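See structure below.
Nothing here was measured: the structure is a model prediction, and the numbers come from that model.
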Amino acid sequence: MPRGKESSSSQQRQRPATTAEPYPWRRVVFGCLVVVLCWSIGLYRQNKDAADAKAKQVQDWAFSKLWSHMSAQNAERVDIYRKPLWAQVQGNVFEIGAGHGEPLMLLPRGKSAQTKDGTGVRGITRYIAAEPNSFLHERLAENAAAAGFSVQYDANTSPNGAEFNAVSAASNLPVLTIVNGTLDNAPTVIPKYIRDHAPYDYAIGSMVMCSVDNVQANLQAIQDLLAPGGKFIFIEHVRHTDETDSTVGAEYKAGSMDVSMWRKTQEMLTSVWRLFTGNCHLDRDTGRLIREMKGWSSVEMQTHRGTSGVLDKLTPLVFGIATKAAA
């Protein structure tokens, strides 16, 4: 074999084999995700209102499923404090965030009652229940009927309730009207039905200020809707106050738990907790906001600081009555 050909053949044999470069799957997938994200952001900006409405609908549905399992447990825990407060309610009544309406069973029944001496005592004449989560309305209506009310829907916020209203219109029972709305946009916007039937003798809030968008705006709207001398009855879960809080009930013994540690736990958990619990905040100092708010002639409030379990420690309760000052 000629030397030149032998040398060329030897070089070919010695040349290392080249391997094909692997397909850059990770880069491709990452690039696709970036494109999809950019496209989603652009689409969201074009249809922001519709996207927000759809997201809220999904959140409301998810919370309704969660609350279906938790509401009975919650009622069992708080009814011991609600019962003596709800028994006082009479006249023209407005409730914010009525939920499933379990506490309605604690209310005095009927339009009026007779005392032993024959004098009439005014009972509940009208009850307006505002609840922005329409997935809770069916059970709210069922519990309202079981509590002795004739149930109707506000036609402005629940157009599909017209047929239901026609059936209940002939009843002689006091009317409970379900309004699909909130006070979050007060004072600029308050649902017309709520505004038109003010002023109220009583306003009720039960485990609701934890999830509203603006606590101060809601409290101010409630006070504005009350008649002079009207009462706001409330029970809320709140952030832990100091050990020296004079409103804490006598059943709690100072030092029974590390209040500071649990307060920090509330603050850390809230940002995640609220995503799965209908915007519920663990760290709102609602009791202090009510107590320090101008326009009340008196605020009677007590704090329950439970130590029996994790949920009890995460959600201390404040409950009481705030009375609007006379004009």
Side-chain angles (χ1 to χ4, degrees), residues 52 56 59-60 63 78 82 85 93-99 128-133 157 179-195 197-242 245-248 263 266-267 269-271 273-275 277-304 314-327:
D52 286 345
K56 184 182 183 305
Q59 290 175 338
D60 285 350
F63 177 73
V78 303
R82 276 197 295 220
L85 295 173
V93 184
F94 165 66
E95 181 176 4
I96 176 174
I128 297 175
E131 175 47 60
N133 188 335
T157 57
V179 177
N180 189 5
T182 73
L183 300 181
D184 275 331
N185 295 318
T188 308
V189 179
I190 293 177
K192 185 176 185 300
Y193 195 92
I194 296 173
R195 189 178 63 249
H197 290 86
Y200 297 95
D201 300 302
Y202 279 81
I204 297 176
S206 179
M207 302 300 217
V208 63
M209 292 299 162
C210 62
S211 59
V212 300
D213 290 339
N214 187 316
V215 179
Q216 288 92 333
N218 275 263
L219 291 174
Q220 187 60 62
I222 287 170
Q223 191 180 86
D224 293 343
L225 290 166
L226 283 171
K231 298 181 184 297
F232 173 41
I233 290 182
F234 59 90
I235 183 165
E236 300 287 343
H237 71 80
V238 293
R239 75 188 294 270
H240 275 287
T241 52
D242 296 329
D245 184 358
S246 61
T247 67
V248 176
R263 182 163 57 239
Q266 289 176 309
E267 294 167 354
L269 285 178
T270 289
S271 59
W273 177 277
R274 70 184 187 87
L275 297 177
T277 55
N279 199 41
C280 172
H281 291 67
L282 295 167
D283 58 351
R284 288 184 170 173
D285 199 355
T286 306
R288 178 184 60 81
L289 293 175
I290 295 173
R291 185 173 59 246
E292 295 180 356
M293 184 178 176
K294 295 181 180 179
W296 305 120
S297 61
S298 65
V299 177
E300 302 171 20
M301 186 178 72
Q302 185 174 336
T303 300
H304 167 71
L314 271 178
T315 55
L317 304 173
V318 294
F319 50 94
I321 302 176
T323 303
K324 183 175 179 178

Taking the side chain as every heavy atom from C-beta outward, state whether [X] and [Y] have any atom pair closer than 4.5 Å.
{"X": "I128", "Y": "Y200", "value": "yes"}
{"X": "L269", "Y": "L314", "value": "yes"}
{"X": "M209", "Y": "I222", "value": "yes"}
{"X": "Q220", "Y": "M293", "value": "yes"}
{"X": "D201", "Y": "V93", "value": "no"}
{"X": "F94", "Y": "L183", "value": "yes"}
{"X": "L282", "Y": "H237", "value": "yes"}

Residue pair [X] / [Y]: nearest heavy atoms and the distance that separates them:
{"X": "A326", "Y": "P228", "answer": "CA-CB, 3.9 Å"}
{"X": "I194", "Y": "A130", "answer": "CD1-CB, 4.0 Å"}
{"X": "P191", "Y": "V179", "answer": "CB-CG1, 4.0 Å"}
{"X": "L289", "Y": "L219", "answer": "CB-CD1, 4.1 Å"}
{"X": "G205", "Y": "I96", "answer": "CA-CG2, 4.0 Å"}
{"X": "R82", "Y": "I235", "answer": "CG-CG2, 3.7 Å"}

Discussion item. V212 vs R284, test: side-chain contact (heavy atoms from CB on, under 4.5 Å). Steps then yes/no.
Written reply: CA-CA 11 Å; V212 300; R284 288 184 170 173; 3.9 Å; yes
Which distance, rounded to the nearest 0.5 Å, do you find between the [atom1] of [X] and the [atom2] of [Y]?
{"X": "I190", "Y": "D184", "atom1": "CD1", "atom2": "CG", "value": "11.5 Å"}
{"X": "T286", "Y": "L317", "atom1": "OG1", "atom2": "CG", "value": "11.5 Å"}
{"X": "E131", "Y": "T182", "atom1": "CD", "atom2": "OG1", "value": "10.0 Å"}
{"X": "Q216", "Y": "E292", "atom1": "CD", "atom2": "CD", "value": "10.5 Å"}
{"X": "D213", "Y": "N218", "atom1": "CG", "atom2": "CG", "value": "8.0 Å"}
{"X": "I233", "Y": "L85", "atom1": "CD1", "atom2": "CG", "value": "5.5 Å"}

Counting only pairs under 3.5 Å, give me each side-chain donor-acceptor contact of residues 296-303, with atom names and distances, residues two or more places apart or in other chains.
from	atom 1	to	atom 2	distance (Å)
W296	NE1	I290	O	3.2
S297	OG	T323	O	3.3
T303	OG1	T247	OG1	2.7

With a 3.5 Å distance limit and no angle check, can you tell me whether [X] reaches the backbone of [Y] through a side-chain donor-acceptor pair?
{"X": "R263", "Y": "T241", "answer": "yes"}
{"X": "H197", "Y": "R195", "answer": "no"}
{"X": "K324", "Y": "G230", "answer": "no"}

